[in-house]
Amino acid sequence: MNSNRMTQTLRHVKSSFYLIFLLSLFFCKPEGEQNDFYTGPLTTVGGDVERLESFQGKVLVLDFWATWCEPCAKAVPTINQWKSSVSEKDFVFRGINTDTSEPIEKIKKDMERLKMSYPTLLDKDWKLTDFYHVEGIPCLLVFDRSGKIVYRQYGLVGSDLSGLVIRSHVWAASELP
């Protein structure tokens, strides 16, 4: 009698397993490839609109900065050197200006003064800054080719360049999933 009861229990467990498995096929569908890109439009200092999704397939580097930020100004030469050391077919660099009230002309003049070699997008209302939980500037965010954040760094000095260049080789070698 004990053996009969065990057989019934096993059948019940098996049928429960199959039922759960079949239900999971209907209700637990994969969501597709997710990325970390902010989906809203972003305005350039020239007035054009860009979307981060348009950079999928490349490694994207975002540099959050402001005109009043001295550490941001000191980071620009390092970012310029980093940018010149990698392939434009593999990497895209964008500044993200977080000034809330500075006029565009002031931002453009600061970009020239700093000799910033990469375009800047505006984040006057901090939508992007809040979306990525940027808690200080300068802040670097690096996205892999599929749009996942793979690196975050606050502050940047010249001695960081060699590490960024080494990581760049890894990021450039990564393939889309």
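Computation of the quantities below employed the complete heavy-atom set of this structure, encompassing side-chain atoms and omitting hydrogens, waters and symmetry-equivalent molecules.
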### Query
Between I107 and K124, is any pair of side-chain heavy atoms under 4.5 Å apart?
yes
### Query
Cluster question for you: counting only ILVMFWY and a side-chain heavy-atom cut-off of under 4.5 Å, with indirect links fine, are I96 and L114 together?
no
### Query
How about L52 and D36: do any of their side-chain heavy atoms sit closer than 4.5 Å?
no
### Query
Taking only residues two or more places apart in sequence, or in another chain, which ones meet K127 in a side chain to side chain contact (heavy atoms under 4.5 Å, CB included)?
Y38, D123, D125
### From CA spacing to verdict: side-chain contact (heavy atoms from CB on, under 4.5 Å), E88, K58
CA-CA 9 Å; E88 286 188 27; K58 295 188 177 198; 5.9 Å; no
### Task
State which residues pass side chain to side chain contact (heavy atoms under 4.5 Å, CB included) with R113; sequence neighbours excluded, sorted by chain then number.
D110
### Message
Using the disulfide bond (SG atoms under 2.5 Å apart) criterion, which residues pair with C139? Sequence neighbours excluded.
### Response
none
### Query
Can you check whether V76's main-chain N or O pairs, donor with acceptor, with K115's side chain at less than 3.5 Å?
no
### K106 NZ to M111 CE distance, which is reported to the nearest 0.5 Å
12.5 Å
### Query
If you count the non-hydrogen atoms of other residues, nucleotides and ligands that lie under 6.0 Å from NZ in K74, is the total more than 12?
no
### Query
Rounded to the nearest 0.5 Å, how far apart are OG of S162 and CD of Q81?
11.0 Å
### Query
Of all residues at least two apart in sequence or in a different chain, which pass the ring-ring contact (aromatic ring centres under 6.0 Å, His included) check with Y154?
none
### Summary
The single option from L62, V92, I79, V61 that satisfies side chain to side chain contact (heavy atoms under 4.5 Å, CB included) with Y118 is I79
### Query
Measuring from S85:OG to H169:NE2, what's the distance to the nearest 0.5 Å?
7.0 Å
### Task
Check the pair L156 / L164 against side-chain contact (heavy atoms from CB on, under 4.5 Å), numbers first and verdict last.
CA-CA 10 Å; L156 184 66; L164 292 170; 3.6 Å; yes
### Query
Any side-chain heavy atom of D63 sitting closer than 4.5 Å to one from P138?
yes
### Message
According to disulfide bond (SG atoms under 2.5 Å apart), does anything in residues 72-138 pair up with another residue at least two apart or in another chain? List the pairs.
### Response
C69-C72
### Message
Just so I know, are the side chains of T44 and E50 near enough to count as touching, which here means a heavy-atom distance under 4.5 Å?
### Response
yes
### Message
Before we go on, tell me: are the rings of W171 and Y151 under 6.0 Å apart, centre to centre?
### Response
yes
### Query
Among the clusters formed by ILVMFWY side chains lying less than 4.5 Å apart, do V157 and W65 turn up in the same one?
no
### Message
According to ring-ring contact (aromatic ring centres under 6.0 Å, His included), who are the partners of W82, at least two apart in sequence or on a separate chain?
### Response
F93
### Query
Side chain of D99, backbone of E102: donor and acceptor closer than 3.5 Å?
no
### Connected via hydrophobic side-chain network under 4.5 Å: W126 and V134
no
### Task
To the nearest 0.5 angstrom, please state how far the CD atom of E135 sits from the CZ atom of R152.
7.5 Å
### Message
Looking at K148, is its backbone amide N or carbonyl O close enough to the side chain of N35 to form a donor-acceptor pair, meaning the two atoms are under 3.5 Å apart?
### Response
no
### Query
Is there a path from L122 to F64 through hydrophobic residues (I, L, V, M, F, W, Y) whose side chains come within less than 4.5 Å of each other?
no
### Query
For F37, which residues count as a ring-ring contact (aromatic ring centres under 6.0 Å, His included) partner, sequence neighbours excluded?
F143
### Message
Between N97 and A66 (side chain of the first, backbone of the second, donor and acceptor by atom type, cut-off under 3.5 Å), is there such a pair?
### Response
no
### Query
Linking I/L/V/M/F/W/Y whenever any side-chain heavy atoms sit under 4.5 Å apart, do V150 and L60 land together?
no
#### Entry: Which residues share a side chain to side chain contact (heavy atoms under 4.5 Å, CB included) with D90, sequence neighbours left out
S87, R145, A172
### Task
Compare all side-chain heavy atoms of V49 with those of L42 and state whether any distance is below 4.5 angstrom.
no
### Task
Sequence neighbours left out, what passes side chain to side chain contact (heavy atoms under 4.5 Å, CB included) with K109? Give chain and number order.
none
#### Entry: Pairing residues for D130 by the side-chain hydrogen bond (donor to acceptor under 3.5 Å, both in side chains) criterion, not counting sequence neighbours
none
### Contact list for residues 88-124, test disulfide bond (SG atoms under 2.5 Å apart), sequence neighbours left out
none
### Task
Starting at CG of L121, measure out to CG of L128 and round the result to the nearest 0.5 Å.
8.0 Å
### Where at least one partner belongs to residues 103-136, residue pairs that pass disulfide bond (SG atoms under 2.5 Å apart), sequence neighbours excluded
none
